[in-house]
Amino acid sequence: MPLLRPDPKRQPEQHGGEGWLVHEAQQLLIQFKPDTPTVQSRWVSLRTFKWAPPQLPVPHSQRRMLRNNAIEAWNTMLQSGWRRCHPPVR
């Protein structure tokens, strides 16, 4: 059964605050995903993967950061050559 791949020209939608960025030259893929909030603040989990298509992404690192710092990192990465993408097809 063939895997259906999303149209790469269409901007990926973020569901529930989750988003993916890819940098082809560095062969990296990053997932931004809301994490469990605490009483004082809201957190975002960042998972980094090594990715050489057509292979599946390989987990590289994981960390948490405050939501406002994650938004700033997202915007900075977009300005420095990263682009939005759909989650990898498994």
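Computed from a predicted structure; not experimentally measured.
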**OP:** Could I get the full list of side-chain contact (heavy atoms from CB on, under 4.5 Å) partners for T38, not counting sequence neighbours?
**Re:** Q40, S41, W43

Original post:
Are W74 and F32 an aromatic pair by the rule of ring centers under 6.0 Å?
Top reply: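 So the answer is yes for these two rings.
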
[atom2] on [Y] to [atom1] on [X], rounded to 0.5 Å:
{"X": "T48", "Y": "L29", "atom1": "OG1", "atom2": "CG", "result": "8.5 Å"}
{"X": "L46", "Y": "K33", "atom1": "CG", "atom2": "NZ", "result": "12.5 Å"}
{"X": "R64", "Y": "D35", "atom1": "CZ", "atom2": "CG", "result": "5.0 Å"}

Subject >> Residues forming a ring-ring contact (aromatic ring centres under 6.0 Å, His included) with H60, sequence neighbours excluded >> reply: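 Testing H60 for ring-ring contact (aromatic ring centres under 6.0 Å, His included), a comparison that skips the adjacent residues, returns none.
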
Original post:
Would a distance-only check, ignoring hydrogens and angles, find a side-chain to backbone donor-acceptor pair under 3.5 Å from W51 to Q55?
Top reply: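 Yes.
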
Considering all heavy atoms, the nearest [X]-[Y] contact:
{"X": "W82", "Y": "Q26", "value": "CZ2-OE1, 3.9 Å"}
{"X": "M65", "Y": "A73", "value": "SD-CB, 4.3 Å"}
{"X": "H23", "Y": "S80", "value": "NE2-O, 4.3 Å"}

Subject >> Single-linkage hydrophobic cluster, 4.5 Å side-chain cutoff, V44 and L78 together >> reply: yes

Original post:
According to a 4.5 Å side-chain heavy-atom criterion applied to Ile, Leu, Val, Met, Phe, Trp and Tyr, with indirect links allowed, do V58 and L21 form part of one hydrophobic cluster?
Top reply: no

Beyond-backbone contact of [X] with [Y], side-chain heavy atoms, under 4.5 angstrom:
{"X": "Q62", "Y": "S45", "answer": "yes"}
{"X": "R47", "Y": "I30", "answer": "no"}
{"X": "L56", "Y": "P88", "answer": "no"}

Subject >> Set of residues satisfying side chain to side chain donor-acceptor pair (under 3.5 Å) with respect to E24, sequence neighbours excluded >> reply: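 If we apply the side chain to side chain donor-acceptor pair (under 3.5 Å) test to E24, skipping adjacent residues, the hits are R83.
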
Original post:
For atom CD of E72, is the number of surrounding heavy atoms from other residues, nucleotides or ligands below 6.0 Å larger than 12?
Top reply: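 Not more than 12 within 6.0 Å, no.
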
**OP:** Could you give me the CA-CA distance, side-chain angles and deciding distance for L66 and R42, then say whether side chain to side chain contact (heavy atoms under 4.5 Å, CB included) is met?
**Re:** CA-CA 6 Å; L66 292 171; R42 297 190 324 193; over 6 Å; no

